[in-house]
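Following: one structure in structure tokens, then a few remarks.
Counting starts at 1 for both ligands and their atoms, following the listed order. For the numbers below, each heavy atom of this structure counts, side chains included, while hydrogens, waters and symmetry mates do not.
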Amino acid sequence: MKMMRVNDVTLHMSDTGQTERPALVFSNSLGTDFRLWDRVAPAFSGHFRIVRYDKRGHGLSEAPPPPYAMSDHVGDLEALLDRLDIRDAIVAGLSVGGMIAQGLAAKRPDLVRALVLADTAARIGTRDLWNERIAKVEHGGIEAIAENVLERWFSEEFRNQHPEEVQGWRAMVTRTPVNGYAGTSFALRDTDYSVPTSHLKLPVLCLGGSEDGSTPPAVVKATADLIPGARFVEIPDAGHLPCIDQPAAMIDAMQAFFQEARLV
Ligand SMILES: O=C(O)CC1=CCC(=O)O1
């Protein structure tokens with residue numbers, strides 16, 4: 001276990017793969033920890049230094065009281081990469097992790113060489129949606145929203161075919177500290193990166209799961225359309241977490257992008 005204190009918060013992280021090679025950094029979604037990438041990260045460990053971390057309020061990282069701002073999450077990743085002496089990373093972020101990646105690329109272009117934005121957007125949801133979600137978890141805990149979260153994360157077919165696995169993901173989301181879940185929901189509520197994201201100038205791959213109930217493919221594509229030269233790929237039979245239900249397709253799309261953009 002590796003813990004690092006940066007930006008006034010203690011983060012749980014992992015730093016593996018080829019330490020002398022360029023870094024591929026993963027940032028995960030609301031209610032998940034860095035095990036989210038267990039099926040995808042190993043495919044890249046021969047070519048890259050692989051950095052994963054639990055953002056504040058998630059996994060084993062510290063969970064300060066809410067609210068959080070997206071700039072807190074961006075500042076945490078910025079400080080983590082500075083501390084690890086990493087420049088020119090490929091940052092792959094899913095959902096809010098993809099927003100953190102967009103924010104980092106806009107703030108510190110020296111840290112980010114390319115982006116993989118999976119099941120994310122420049123703005124996710126509405127103010128009302130996040131206010132309602134925050135009220136529910138603050139009153140009823142994560143249990144109060146768990147079933148709805150799983151319905152957005154996974155297609156009905158996946159939930160029927162993999163009930164034990166879905167139970168594991170349910171455990172992950174319900175064990176997320178309320179402070180962390182609500183804190184990050186405030187950050188989502190208050191963030192619209194449409195303008196800074198439209199000014200990004202780097203290779204970007206946007207991925208959308210065809211069955212994503214949270215950021216449907218059209219929403220992801222609308223963000224891809226904001227970014228000059230960004231490529232959009234829809235992953236068939238994938239929900240909000242293609243790294244879980246379609247990891248091979250996600251790996252293929254990333255590998256093709258890395259080759260095309262001469263990142264490997
Ligand atoms: O809707 C959900 O629960 C999924 C989600 C939205 C932002 C995020 O990171 O995950």
Next item on the list: Please write down residue, atom name and distance for the protein heavy atom closest to atom 10 (O) of ligand 1.
Entry: Ser95 OG, 3.0 Å
Next item on the list: Around atom 4 (C) of ligand 1, find the nearest protein heavy atom and jot down its residue, atom name and distance.
Entry: Ser214 OG, 3.2 Å
Counting both backbone and side chain atoms, is some N or O of [X] under 3.5 Å from an N or O of ligand 1?
| X | result |
| --- | --- |
| Val96 | yes |
| Trp130 | no |
| Arg133 | yes |
| Leu30 | yes |

Item checked: Pair His12-Tyr53, ring-ring contact (aromatic ring centres under 6.0 Å, His included): steps then yes or no -> CA-CA 6 Å; His12 177 220; Tyr53 73 107; over 10 Å; no
Notebook entry, point to check: Considering only heavy atoms of His240, which atoms of ligand 1 have at least one such atom less than 4.0 Å away?
Noted result: 4 (C), 5 (C), 10 (O)
Check: For ligand 1, which atoms, with element, lie under 4.0 Å from some heavy atom of Ser29?
Finding: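 So the answer, numbered in order with elements, is 9 (O).
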Notebook entry, point to check: Can you name the salt bridge (charged side-chain N to carboxylate O under 4.0 Å, His left out) partners of Arg87, sequence neighbours left out?
Noted result: Asp82, Asp110
Notebook entry, point to check: So does Arg152 pair up with Glu211, basic N to acidic O under 4.0 Å?
Noted result: no
Notebook entry, point to check: Do Phe258 and Phe44 have ring centroids that are under 6.0 Å from one another?
Noted result: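 Yes, the ring centres sit under 6.0 Å apart.
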Notebook entry, point to check: Does the side chain of Leu94 reach to within under 4.5 Å of the side chain of His240, using non-hydrogen atoms?
Noted result: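 Leu94 reaches His240 side chain to side chain.
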Next item on the list: Evaluate ring-ring contact (aromatic ring centres under 6.0 Å, His included) for Phe34 paired with His58, printing each intermediate quantity in order.
Entry: CA-CA 9 Å; Phe34 71 57; His58 288 71; over 10 Å; no
